[in-house]
Amino acid sequence: MNDHKENMKLALEEAKKAGKKDEVPVGCVIIDEGGKLIASAHNQTITMADPTAHAEILALRQACGERKNYRLLNTSLYVTVEPCFMCMGAIIHSRVSHIIFGTYDPKWGAVGSLYDFSKDRRLNHQPEIVSGVCIEECRDLIRNFFRHKRS
């Protein structure tokens, strides 16, 4: 669990970068089986004018480029907020082994909130899930961002 917290702190640093750009503060890192960081990204949908530029998608692209393979077997993806259904589709296609996330997303979440793609046996890959890592910090970061936007 200690490694989970340390890696989630890296994802939180990415999320803070997004917030500074007035992007929804979500950060993601991908770690290989040896514990090496192979990708880090944050939301950039506004910056890139691209609805697919979620932190997870950008990190997956980076990790696949690093590995020169569209399969990311034996990797762990850390993300501050529960992945949406678009991101879960990409994560499943890339065969990420573990998804570790901070806080749930009741409006878009696809790992238990609205859907749970990780348990759908009709799909050919089911990543292992760990939720609630650094939950308070992840939840507070996103809540404060949207509170500030509404005020």
Side-chain angles (χ1 to χ4, degrees), residues 1-21 23-45 51-146:
M1 190 62 155
N2 226 11
D3 284 344
H4 286 333
K5 286 182 181 180
E6 300 230 353
N7 291 328
M8 188 61 73
K9 296 284 185 191
L10 297 173
L12 277 159
E13 289 306 312
E14 284 295 322
K16 290 172 187 172
K17 290 177 188 177
K20 288 178 183 173
K21 295 177 181 178
E23 298 271 4
V24 176
V26 177
C28 180
V29 298
I30 300 177
I31 308 294
D32 73 10
E33 62 274 12
K36 178 184 172 200
L37 175 73
I38 59 171
S40 58
H42 54 274
N43 273 5
Q44 295 192 65
T45 57
T52 69
H54 288 198
E56 301 95 318
I57 300 295
L58 297 174
L60 289 169
R61 289 175 182 160
Q62 188 180 83
C64 288
E66 173 76 19
R67 284 209 163 167
K68 297 181 179 21
N69 193 333
Y70 69 105
R71 298 285 190 237
L72 296 173
L73 302 171
N74 303 313
T75 60
S76 297
L77 182 145
Y78 291 80
V79 63
T80 56
V81 178
E82 175 185 10
C84 72
F85 45 86
M86 174 185 69
C87 292
M88 275 304 290
I91 290 165
I92 289 168
H93 277 293
S94 67
R95 307 298 193 275
V96 166
S97 300
H98 304 91
I99 301 169
I100 301 93
F101 68 93
T103 190
Y104 282 93
D105 183 348
K107 294 185 179 182
W108 289 95
V111 190
S113 291
L114 291 179
Y115 306 97
D116 194 345
F117 289 3
S118 69
K119 292 183 180 161
D120 191 330
R121 297 291 174 211
R122 296 170 297 176
L123 301 174
N124 64 349
H125 178 68
Q126 290 81 37
E128 291 183 32
I129 306 298
V130 176
S131 62
V133 176
C134 302
I135 190 170
E136 293 87 11
E137 195 171 350
C138 293
R139 184 180 54 219
D140 290 348
L141 186 62
I142 197 118
R143 278 185 181 170
N144 291 339
F145 174 82
F146 282 113

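Note that the CG atom of L58 and the SG atom of C28 stand 9.0 Å from one another [nearest 0.5 Å]. One finds the CD1 atom of I129 at 4.0 Å from the CD1 atom of I99 (value rounded to the nearest 0.5 Å). The OG1 atom of T103 sits 9.0 Å away from atom CD of E136, with the distance rounded to the nearest 0.5 Å. Here the straight-line distance linking atom CG of N69 with atom CZ of R95 works out to 11.0 Å at 0.5 Å rounding. The structure places CG of D32 at 8.5 Å from CD of E66, a figure rounded to the nearest 0.5 Å. In this structure, CG on L77 lies 12.0 Å from NE2 on H98, to the nearest 0.5 angstrom.
A side chain to side chain donor-acceptor pair (under 3.5 Å) with H42 holds for exactly one of K17, K21, K20; it is K21. With respect to M88, the side-chain contact (heavy atoms from CB on, under 4.5 Å) criterion is satisfied by exactly one of L123, D120, V111, D116: V111.
When all heavy atoms of I91 and S94 are compared, the closest pair comes out as O-OG, 2.9 Å. Looking at every heavy atom in both residues, A11 comes nearest to V29 through N-CG1, 3.9 Å. Closest approach of E56 and V81 over heavy atoms only: OE2-O, 4.0 Å. Taking each heavy atom of C87 and H54 in turn, the nearest pair found is SG-ND1, 3.4 Å. The two residues P127 and S118 make their nearest non-hydrogen contact at O-CB, 4.0 Å. Closest non-hydrogen pair, D105 versus S113, comes out as O-CB, 3.2 Å.
Surrounding CZ of F145 are more than 12 heavy atoms belonging to other residues, nucleotides or ligands, all under 6.0 Å away. Residue H125 places its NE2 atom among more than 12 non-hydrogen atoms of other residues, nucleotides or ligands, all under 6.0 Å distant. Heavy-atom neighbours of E128 CD from other residues, nucleotides or ligands within 6.0 Å: at or below the threshold of 12.
Residues C134 and K9 meet the side-chain proximity criterion, which asks for heavy atoms closer than 4.5 Å. Here the side chains of N7 and V133 are not in contact, with every heavy-atom distance at 4.5 Å or above. Side-chain contact check for M86 versus T52: some heavy-atom pair is nearer than 4.5 Å. In this structure the side chain of P51 never reaches within 4.5 angstrom of the side chain of T45, judged on heavy atoms.
Side chain of N43 to backbone of P25: no donor-acceptor contact under 3.5 angstrom is found. Side chain of T80 to main chain of G27: a donor-acceptor pair is present (N/O by atom type, distance under 3.5 Å, no hydrogens or angles).
A donor atom on one side chain and an acceptor atom on the other are not found under 3.5 Å apart for H93 and Y70.
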| request: Please step through side-chain contact (heavy atoms from CB on, under 4.5 Å) for the pair I57 and Q44, ending with a clear verdict. | output: CA-CA 10 Å; I57 300 295; Q44 295 192 65; over 6 Å; no

| field | L10/Y78 under side-chain contact (heavy atoms from CB on, under 4.5 Å): CA gap, chis, key distance, verdict | value | CA-CA 9 Å; L10 297 173; Y78 291 80; over 6 Å; no

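Note: F85 and W108 have tilted aromatic rings, judged against thresholds of 30 and 60 degrees for the angle between ring planes. Between F101 and Y104, the ring planes lie perpendicular to each other; the angle is over 60°, past the 30° to 60° tilted range.
Using a 4.0 Å cut-off between a side-chain N of Lys or Arg and a carboxylate O of Asp or Glu, K16 and E13 qualify as a salt bridge.
In this structure A63 satisfies the side-chain contact (heavy atoms from CB on, under 4.5 Å) test together with I30, I38, A39, L72, sequence neighbours excluded.
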